[in-house]
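First listed ligand is number 1; within each ligand, the first listed atom is number 1.
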Amino acid sequence: MSAGGHPAATGTTTALPTGGADAAGVPWPSTARRRDDGELEVGGVGVGDLAAEHGTPAYVLDEADFRARARAYRQAFEAAFEQVGAGVDVYYAGKALLTVAVARWAAQEGLRVDTASGGELAVALRAGVPGAAIGLHGNNKSDEEILAALDAGVGRIIVDSRVEIDRVAGLAAARGVVAPVMLRVTTGVHAGGHEYISTAHEDQKFGLSVTAGDDDGTSPALAALEAIVARPELELLGIHSHIGSQILDPSGFEAAARVVLRLRADLAERTGVVVEEVDLGGGYGIAYLPTDEALEPAPVARDVAEAVAAVCTELSMPLPRFSIEPGRAIVGPAGITLYTVGTVKPVTVSGSSADDETFTRLYVSVDGGMSDNIRPALYGADYHAELVGRSSDAAKVLARVVGKHCESGDIVVHEVVLPSDVRAGDLLAVAATGAYGRSMASNYNALTRPPVVAAADGASRVLVRRETVEDLLALDLG
Ligand code: LLP
């Protein structure tokens, strides 16, 4: 199914595209290639040309890779759920990276678009994504955001609290419409990294708990669902659960699905209402380092579909329509950040104890940093970097790639080996920066945010232009 009014791509490949031809397993985008002289190309465009035309730093997106990942997720889930007789929608989570072109690519590949603010909603609408194919999330939506969603006829507003039930109902009544809503619940399953933990307590801002309950066993989630059912201004589409991000152990999805399906059965028992949809959110993990393995969608989809079917049989409930919201898994590996090397400085690091050896770390400064990728500073995230403008036979040395900001935590890559002849003017690329790089970028130190450039079929084009100092000054009213 195509959500964007464009024909969906055909074909049945459900495997992810493999990283560009790189024996070391670096998670470059799938069209990345090393030319004979060592220069990297993406989408058939050499990084030298990309840097000359667009400057650095620059986010470079491999359009074919993005599209292939979007297709792989859609087809894997469609195939798995078709096996058990249920329908599926895949929403691209725009928070990972949303531009007008990116929203269009997602829609053209048959994905819907999940937005988390009025701004993201506006980008999706500007792209021509039909309102019906858009979802709106947020734990603190403003009236303006809710009204914008209602006016756009969004397919679903994911309600996040009891007070929001009244607010959305009130605004829908004011507009004379019935608002299609899902309820976001917390299942007690939290995942991210290699394991998931299941806890009885919820101490975070999202959703309503399925596990906590009052004396008669009514959970906040069940009570909220009943409250929605009682409001004629609201149409209860289903139940939503997002368990975490960068998940590599998929068993958490099944665990969450079980909890949500039981809640759905409890609601049916109490009210006779069988909600049609269940959304399990995003969180599908990707490879950041050559040693990482990404989650493949096909086996996850199969396991989740089978678990959903089994639980529904056990509970004597009809199958729901199912949806997911991957963001990182679609756009993360499709993007690289291209930098130019500046200052290179060897730093002697003495051991913290008498037994520790003293060693030298080469600090390689690039022309961006924590303003274009906050993830290393914020989460301690690891990335892989390489020189991409040339090859080098020089010995490899332990290096740290750092930015140009005025703080020591401004690290781009904590640890990587680079050729010892790395020097000012070299092009350096960091792999797998497509997700949560540009979307979390800042203007720290009044740096201007880099452009988003798409490369495909031997040509590049600017999707979002580079900010200029004039842009920054234009906001400053003096
Ligand atoms: N759906 C909901 C309701 C979400 O809250 C999120 C992410 C997603 C979908 C998409 O998750 P993904 O498939 O991209 O993991 N800034 C962090 C990630 C925060 C994710 C928040 N919610 C990072 O850079 O790792």
Side-chain angles (χ1 to χ4, degrees), residues 16 59 66 69-70 72-74 76-77 89-98 102 106 111-117 120-121 124 134-141 156-161 181-187 189-193 196 204-208 238-250 252-253 256 260 277-288 292 294-295 297 300-301 304 322-335 337 370 372-383 430 432-442:
L16 294 177
Y59 301 106
F66 178 100
R69 281 172 208 282
Y73 264 84
R74 180 172 60 76
F77 276 82
D89 295 308
V90 178
Y91 286 74
Y92 168 62
K95 67 200 74 186
L97 175 69
L98 200 64
V102 164
L111 272 56
R112 297 174 174 224
V113 178
D114 160 39
T115 64
S117 70
E120 287 182 7
L121 173 63
I134 299 176
L136 178 69
H137 269 280
N139 68 301
N140 188 23
K141 304 173 192 77
R156 59 196 208 179
I157 296 174
I158 296 87
V159 169
D160 202 277
S161 62
V181 301
M182 295 184 92
L183 180 73
R184 180 155 175 185
V185 304
T186 51
T187 57
V189 179
H190 299 275
Y196 78 86
Q204 46 97 0
K205 67 178 182 171
F206 292 110
L208 286 150
I239 306 174
H240 187 290
S241 157
H242 171 78
I243 57 172
S245 227
Q246 184 55 14
I247 295 167
L248 296 167
D249 172 358
F253 291 118
V260 169
E277 294 185 35
V278 164
D279 190 302
L280 276 196
Y284 303 86
I286 64 167
Y288 281 99
D292 289 345
L295 207 62
V300 181
V304 174
F322 194 78
S323 49
I324 57 166
E325 296 169 340
R328 184 193 319 266
I330 309 294
V331 73
T337 311
M370 64 196 297
D372 61 72
N373 189 359
I374 191 65
R375 300 193 71 260
L378 195 56
Y379 312 118
D382 290 322
Y383 284 88
V430 178
T433 58
Y436 304 110
R438 179 59 168 78
S439 69
M440 296 204 296
S442 76

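- Ring geometry for Phe77 against Phe322 counts as parallel: the plane angle stays under 30°, on a 0 to 90° scale with 60° as the upper cut.
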(message) For Phe66 and Tyr92: C-alpha separation, side-chain torsions, deciding distance, then whether ring-ring contact (aromatic ring centres under 6.0 Å, His included) applies.
(response) CA-CA 11 Å; Phe66 178 100; Tyr92 168 62; 5.4 Å; yes
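- In this structure Phe253 satisfies the ring-ring contact (aromatic ring centres under 6.0 Å, His included) test together with Tyr284, sequence neighbours excluded.
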Could you list, one pair per line, each nitrogen or oxygen of ligand 1 together with any protein nitrogen or oxygen closer than 3.5 Å, giving atom names and the distance rounded to 0.1 Å?
| residue | atom | partner | partner atom | Å |
| --- | --- | --- | --- | --- |
| ligand 1 | 1 (N) | Glu325 | OE1 | 2.7 |
| ligand 1 | 5 (O) | Lys95 | NZ | 3.3 |
| ligand 1 | 13 (O) | Gly283 | N | 2.8 |
| ligand 1 | 13 (O) | Gly327 | N | 2.9 |
| ligand 1 | 14 (O) | Arg328 | N | 2.8 |
| ligand 1 | 14 (O) | Tyr436 | OH | 2.7 |
| ligand 1 | 15 (O) | Ser245 | OG | 2.4 |
| ligand 1 | 15 (O) | Gly283 | N | 3.4 |
| ligand 1 | 16 (N) | Tyr379 | OH | 2.8 |
| ligand 1 | 24 (O) | Arg375 | NE | 2.6 |
| ligand 1 | 25 (O) | Arg328 | NH1 | 3.2 |
| ligand 1 | 25 (O) | Arg328 | NH2 | 2.9 |
| ligand 1 | 25 (O) | Arg375 | NE | 3.2 |
| ligand 1 | 25 (O) | Arg375 | NH2 | 2.9 |

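- With sequence neighbours left out, Arg156 forms a salt bridge (Lys or Arg N to Asp or Glu O under 4.0 Å) with Glu277, Asp279, Glu325.
- Annotation: side-chain hydrogen bond (donor to acceptor under 3.5 Å, both in side chains) contacts of Thr337 (sequence neighbours excluded): Thr433.
- Under the 6.0 Å cut-off for aromatic ring centres, His242 and His137 do not qualify, their centroids lying 6.0 Å or more apart.
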